[in-house]
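First the structure, in the form of structure tokens, and then the observations on it.
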Amino acid sequence: MRAVLEDRPPFGPWPARGETVVIDYSSPNIAKPFHLGHLRSTVIGSALRRLYKFTGHRVYGINHIGDWGSQFGKIIVAWKEWGDEERLAENPMRHLFEIYVRYQKEEKDRPELGKRAAEAFRRLESGEDNEERRIWTELREISLRAFQGPYRRLGVEFEAVTGESFYEDKMEAAIERVREAGIATVSDGALVVEFPGEGIPPCILRKSDGTTIYATRDLAALFYRRETYGFDRALYVVGSEQKLHFRQLKRVLERLGWPQAERVEHVDFGLILFRNEETGRWEKGKTRSGNAIFLDEVLDQAVAGIRKIIEEKNPDLDDKDGIAEQIGVSAIIFNDLKNSRIKDVKFDWNEMLSFEGETGPYVQYAGARLASILRKAGVEERPRVDGISWGLLEDAADVLLAMSEFRPVLEKAVLKNEPSLLTQFSIRIAGSIHSYLRDHHVLSAEPKLREARLALVAAARVLLVSTLGILGVTAPERM
RNA sequence: GCGCCCGUAGCUCAGCUGGAUAGAGCGUCGGCCUUCUAAGCCGAAUGUCGCAGGUUCGAAUCCUGCCGGGCGUGCCA
């Protein structure tokens with residue numbers, strides 16, 4: 001408790017350990033909507049970024065925006081066919097999504113669209129200053145600006161935003177490197193690295209039409225990042241469905257004899273599923289009407305639900321809208337980080353909107369109660385620890401035991417790249433302090449006891465705030 | 001077909017570097033607001049740990065096979 005209140009490790013920031021980690025997360029694709037599916041990488045990645053920083057690593061969070069690739073040929077064609085400047089300005093994500101969906105639909109009946117799209121990407125990748133590039137530039141910039149909204153709400157930050165297009169002029173060198181190593185072969189007109197006898201399909205570096213593919217860009221990005229950041233470890237926070245891709249990438253690096261190959265890790269995670277009310281089954285990220293669910297709308301709904309609860313539980317609260325925003329957004333983040341990342345997130349609105357039990361609001365509520373006690377006692381956030389009779393806190397064994405788990409929990413979370421360990425830890429702290437407060441009154445206790453209990457309350461609050469802080473969850477003083 | 005992942009209470013999960021009566025939340029049932037926020041707390045009921053073998057003094061945990069579900073499987077990302 002002394003260490004907690006004095007902000008010393010392991011409870012305060014850990015000493016630097018001289019290891020540099022680059023974490024690739026969020027990486028939305030501007031050709032596709034920023035929907036709920038992007039939430040996981042964003043939220044897990046930024047939690048890991050803060051976790052690594054807290055534990056003394058040098059961290060570079062990188063947003064590898066999906067702003068390149070043959071799909072942009074499709075987007076360009078879709079834009080030429082159905083693009084509307086006004087609608088784009090109004091709601092860029094929505095409009096780009098609509099024309100993209102329309103493209104997908106119409107391509108089935110109009111095969112010429114596919115040819116035009118391939119040609120459009122070829123022209124884009126030619127490097128010429130042509131119409132394709134102008135459209136791409138405009139759509140890219142508008143999208144990047146639109147991403148700032150969700151990022152601000154979620155409190156997500158990056159050290160670098162370098163899209164795939166950033167590697168446009170670095171891919172040839174990457175391909176050359178693989179060629180020189182003598183591990184590339186030509187197969188069906190494509191340049192590939194094969195893995196004979198390993199049971200995994202070859203990694204394609206250049207398609208038969210001469211254009212590049214995501215593996216090429218990931219490879220170029222890895223070389224660039226090694227040179228730029230000198231990383232010791234590189235984490236990719238990307239869904240499990242891309243496991244094969246990262247395995248191939250890693251195998252290419254190993255065959256190149258790249259020293260850091262070992263420490264390129266795919267931090268994978270499960271899907272977001274919704275309950276199909278008719279079948280009762282969990283299904284992929286679509287509403288009943290078949291629309292993708294936009295992140296902003298989910299956040300808005302959560303905030304609205306919280307706003308209602310505040311109105312009934314605490315109508316006199318100041319800044320109800322601001323608090324509702326904090327709690328609502330946190331509830332979504334917390335829900336995403338609650339279970340092992342490998343598990344699918346089952347998104348159940350009824351459960352989400354009740355905010356009871358092991359949820360974000362539960363932990364925040366504990367924090368608010370603690371803040372309230374400290375406020376009423378008139379002590380500062382971190383009271384002095386001198387002269388406190390620690391022995392009087394024997395009855396707080398559960399809380400103290402939970403607190404002592406902080407270091408091992410952080411260590412395990414780093415080892416396994418598993419933010420859910422912190423989420424579970426915050427629930428344990430909240431639960432134990434909730435229970436303790438029921439039978440152990442603080443303000444009305446004898447002076448010595450009161451002082452000791454206040455220190456406990458303050459320490460629990462500090463620990464809750466820093467744990468939630470790593471997770472990206474706020475800890476309002478009132479709610 | 002092949003590869004990877006998952007399978008623990010009605011639901012959602014934790015536990016799985018093997019160790020004593022398998023834990024939590026939701027839901028159900030029953031309690032607690034004239035002292036610090038009831039978004040809380042306390043109690044009760046609920047499990048052949050998918051199935052079958054094996055290793056072990058001891059298996060939810062390790063190994064093998066099978067079943068069920070998911071994801072992936074050469075020019076999308």
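By convention in this document, chain letters (A, B, ...) are assigned in the order of the sequence lines, proteins followed by strands, and residues within each chain are numbered from 1.
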For [N], take OP1 and OP2 only and decide whether either is under 4.0 Å from a side-chain N or O of [X].
X	N	answer
A:K243	B:G72	no
A:Y103	B:C76	no
A:R369	B:C41	no
A:K346	B:C13	yes
A:S70	B:C76	yes
A:W282	B:U12	yes

Mate of [N] where both pairing distances stay under 3.5 Å, Watson-Crick or G-U:
N	answer
B:C71	B:G3
B:C76	none
B:C11	B:G25
B:G65	B:C51
B:G58	none
B:C36	none

Measure from the side chain of [X], starting at C-beta and using heavy atoms only, and say which of [options] lies closest.
X	options	answer
A:E358	B:C71, B:G70, B:G25	B:G25
A:Q242	B:A39, B:G74, B:A77	B:A77
A:A190	B:G74, B:A39, B:C32	B:G74
A:R217	B:A77, B:G69, B:G74	B:A77
A:L271	B:C42, B:A39, B:C71	B:C71
A:R247	B:G3, B:A39, B:A14	B:G3
A:V192	B:C41, B:G74, B:A39	B:G74
A:E194	B:G74, B:C71, B:C41	B:G74
A:K412	B:C16, B:C36, B:A77	B:C16
A:Y214	B:A77, B:U35, B:C32	B:A77

Task: A:A366 vs A:T212, nearer the 5' end of RNA chain B by closest nucleotide - done: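 Looking at the nearest nucleotide for each, A:A366 comes out on the 5' side.
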
Open item on the list: Quick check on RNA chain B: between A:A368 and A:W68, whose nearest nucleotide comes earlier from the 5' end?
Closed with: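 Here A:A368 is the residue nearer the 5' end.
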
For [X], answer base if it contacts any base atom (sugar-phosphate contacts may also be present), sugar-phosphate if it contacts only those atoms, and nothing otherwise; contact means non-hydrogen atoms under 4.0 Å.
X	value
A:H440	base
A:G199	nothing
A:R428	nothing
A:I310	base
A:D344	sugar-phosphate
A:R375	nothing
A:I427	nothing
A:R450	nothing
A:S372	base
A:K343	sugar-phosphate
A:Q364	nothing
A:S444	base
A:E241	sugar-phosphate
A:E477	base

Expressed in whole Å, how much space separates the [atom1] atoms belonging to [N] and [M]?
N	M	atom1	answer
B:U61	B:C16	P	13 Å
B:U21	B:A60	P	10 Å
B:C51	B:A59	C1'	16 Å
B:G23	B:G31	C1'	23 Å
B:A44	B:U48	C1'	24 Å
B:A39	B:C26	P	13 Å
B:C63	B:A24	C1'	30 Å
B:G10	B:C5	P	28 Å

Open item on the list: A quick test of your reading: do over 12 heavy atoms of other residues, nucleotides or ligands sit less than 6.0 Å from CD of A:E446?
Closed with: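 Count not over threshold, so no.
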
Task: A:K80, NZ atom: more than 12 neighbouring heavy atoms under 6.0 Å - done: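 Result for NZ/A:K80: enclosed.
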
TODO: Check whether the aromatic ring of A:H434 stacks on the base of B:C41, taking stacking as ring centres less than 5.5 Å apart and planes within 30° of each other.
DONE: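 Given the distance and angle limits, no, they do not stack.
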
Open item on the list: What I'd like to find out is whether the side chain of A:Q301 reaches to under 4.5 Å of the side chain of A:M352, using heavy atoms alone.
Closed with: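 No - every pair of side-chain heavy atoms lies 4.5 Å or more apart.
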
- [ ] Using the ring of A:F166 (Phe, Tyr or Trp, six-membered ring only), decide whether A:K170 places NZ or CZ under 6.0 Å from its centre and within 45 degrees of its axis.
- [x]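 Positive - A:K170 is close enough to the ring of A:F166 and near enough to its axis.
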
TODO: Establish, yes or no, whether the cationic atom of A:R275 lies under 6.0 Å from the six-membered ring centre of A:F347 and within 45° of the ring axis.
DONE: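 Judged by the rule (NZ or CZ under 6.0 Å from the ring centre, within 45° of its axis), A:R275 is not positioned above A:F347.
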
Find the distance [X]:[atom1] to [N]:[atom2] and express it as a whole number of Å.
X	N	atom1	atom2	result
A:F274	B:C11	CZ	C1'	18 Å
A:I429	B:A24	CD1	P	18 Å
A:R453	B:U35	CZ	C1'	13 Å
A:I30	B:C76	CD1	C1'	16 Å
A:R206	B:C76	CZ	P	15 Å

Could you verify whether a donor N or O on one side chain and an acceptor N or O on the other, from [X] and [Y], lie under 3.5 Å apart?
X	Y	value
A:R453	A:H441	no
A:R206	A:T212	no
A:D218	A:Y167	no
A:S420	A:E418	yes
A:S330	A:T474	yes

Task: Side-chain donor/acceptor of A:S187 to base of B:G74, under 3.5 Å - done: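 Indeed, a donor on one side and an acceptor on the other fall under 3.5 Å apart.
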
Open item on the list: Please classify B:C51 as syn or anti, treating any glycosidic angle within 90° of 0 as syn.
Closed with: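 With its glycosidic angle more than 90° from zero, B:C51 counts as anti.
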
